[in-house]
Amino acid sequence: MITLTERQSLILKAIVRDYTEGGNPVGSKSLVEELPMKVSSATIRNEMARLEDLGLIVKTHLSSGRIPSIKGYRYYVDHILTPEKVDNRDLKVIQHSLGGEFHKIDEIVAQSADILSQLTSYTTFTLRPELKDSRLSGFRLVPLGNHQVMAILVTNNGDVENQTFTIPNDLSGDELEPVVRFIDDQLIGLPLQDVLAKLQQEIPLKLSHYLQDPDGFLDIFGSVLSKAASERFYVGGKLNLFNYTSLQDPKEMRSLYSLLDQTDNLANVIGSPGQHIQVRIGNEITNDLLKDYSLITATYDVDQHGQGIIALLGPTAMPYSRMIGLMGAFQRELARKLLDYYRYFDE
């Protein structure tokens, strides 16, 4: 285990700050002016040599200065970093953007990804609170003409999902009415996961009492139900990803971009953050395509409605102190907004 002296810690902190803010290798002369203690340039060079021996900073080919290594960033995040208090201007942007009128939880969560991306210029992810407690509270089929119907599903927390379907020519709206009544009588009030389970078990047989061929309706109901019950990551600033990669192969770059559209892959990359903000750097991220990046993840807690996730993906040379401070503020403001939303539907 590495243990640094106070002076070595201050030097590493200054190198990380200068490099993440300016992008240029840091030399001993500039550090003389910055350190809170009076030391000579020669002393700083000796300490930098020690940090280099420990693998915390490295020399670049283009300059005599030094930059943090992945190991150096890790030490800095774990032992030196103090989260920066969020700027009042950034806080007002968050509060203003979340202060609008939203009709669905997903609208709030999707907007959150865009806000965080705009504030950081990185790629960001948001996941709505868990759906384990969501219950079916309404289901309707609205005829649109030309054998089309709109299926509308409502949950107890105010979420509304709708999809338009084409129904078989031999199936009329009148035939579907008793099926909708059956859904109301048998399934309203049940958790969505229980409804999905029943859809695979007893519901098809029971619907055969109302429909000669229930498969068409089961497809409609199953599709809109699965959409309501599925986890969805919202992504902000997709193209920002390419500002910080060393990938040159077009195939690898396409794979990197398509990673953002695959919920399962994103879930594996982001994982299950704990209560505290977590930082993974370079190869600590599970996907090889992301070795040039750092991933900051956090959960936000919405009381009995569960927890959601926010995350940002940026360069390893990111201003960690500011980003972690910003994530902390965002956690609190998003949780507050969602609690207000849930209270409205609980009244």
Side-chain angles (χ1 to χ4, degrees), residues 101-110 127-234 263-264 267 301-308 337-347:
E101 185 175 336
F102 297 92
H103 302 288
K104 295 170 65 176
I105 288 285
D106 285 356
E107 291 178 2
I108 301 172
V109 178
L127 178 68
R128 56 172 295 157
E130 304 144 300
L131 291 160
K132 62 184 180 185
D133 294 326
S134 290
R135 295 174 180 271
L136 181 65
S137 65
F139 179 74
R140 290 291 177 270
L141 290 175
V142 180
L144 301 176
N146 295 324
H147 296 287
Q148 286 198 314
V149 296
M150 177 181 287
I152 303 171
L153 184 149
V154 184
T155 67
N156 62 311
N157 55 26
D159 282 349
V160 179
E161 290 294 345
N162 61 76
Q163 284 183 261
T164 301
F165 299 89
T166 300
I167 59 175
N169 291 339
D170 58 351
L171 187 61
S172 71
D174 290 341
E175 290 178 275
L176 290 174
E177 280 185 21
V179 178
V180 173
R181 283 199 297 274
F182 166 81
I183 299 292
D184 285 345
D185 292 342
Q186 302 291 319
L187 302 177
I188 295 300
L190 295 179
L192 296 186
Q193 297 302 329
D194 289 1
V195 179
L196 279 170
K198 286 178 178 291
L199 196 61
Q200 303 300 319
Q201 297 162 6
E202 68 257 36
I203 291 178
L205 181 61
K206 290 182 177 180
L207 286 184
S208 63
H209 298 307
Y210 302 94
L211 296 172
Q212 190 171 2
D213 181 5
D215 288 349
F217 173 80
L218 288 170
D219 288 343
I220 293 173
F221 185 57
S223 178
V224 73
L225 180 64
S226 296
K227 187 178 175 186
S230 64
E231 283 193 334
R232 268 160 288 170
F233 280 98
Y234 293 93
T263 296
D264 289 345
D301 201 325
V302 199
D303 289 351
Q304 74 270 23
H305 301 286
Q307 291 183 326
K337 176 64 181 180
L338 289 174
L339 279 170
D340 287 346
Y341 179 92
Y342 281 122
R343 283 192 199 102
Y344 175 80
F345 281 98
D346 287 343
E347 287 175 356

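- Contact of the Gln193 side chain with the Leu196 side chain is registered, since non-hydrogen atoms from C-beta on lie closer than 4.5 Å.
- Residues passing the side-chain contact (heavy atoms from CB on, under 4.5 Å) test with Leu339, sequence neighbours excluded: Val302, Asp303, Arg343.
- Taking all atoms of both residues into account, the shortest heavy-atom contact from Lys104 to Tyr341 is CA-OH, 3.4 Å.
- In this structure, Thr164 OG1 and Ile152 CD1 are separated by 9.0 Å, a value rounded to the nearest 0.5 Å.
- The nearest pair of heavy atoms linking Pro129 to Ile105 is CD-CG2, 4.4 Å.
- Considering all non-hydrogen atoms of both residues, Asn156 and Ser137 come closest at N-OG, 3.6 Å.
- With sequence neighbours excluded, the residues that form a salt bridge (Lys or Arg N to Asp or Glu O under 4.0 Å) with Asp184 are Arg140.
- Taking all atoms of both residues into account, the shortest heavy-atom contact from Gln148 to Thr166 is NE2-OG1, 3.7 Å.
- Ile220 meets the side-chain contact (heavy atoms from CB on, under 4.5 Å) test with Leu141, Val149, Ala151, Phe165, Ile167; sequence neighbours excluded.
- Under the rule for a side chain to side chain donor-acceptor pair (under 3.5 Å), the partners of Ser223 that lie at least two apart in sequence or sit in another chain are Gln163.
- With sequence neighbours excluded, the residues forming a ring pair (Phe, Tyr, Trp, His ring centres under 6.0 Å) with Phe139 are Phe221, listed by chain and number.
- In this structure, CG in Leu218 is found 9.0 Å from CD in Gln200, a value given to the nearest 0.5 Å.
- Rounding to the nearest 0.5 Å places CD of Gln201 at 11.0 Å from NZ of Lys206.
- In this structure, CD on Glu161 lies 10.0 Å from CG on Leu225, to the nearest 0.5 angstrom.
- The salt bridge (Lys or Arg N to Asp or Glu O under 4.0 Å) search around Lys198 returns Glu202, not counting sequence neighbours.
- Of all heavy-atom pairs spanning Leu136 and Leu192, the tightest one is N-CD2, 3.8 Å.
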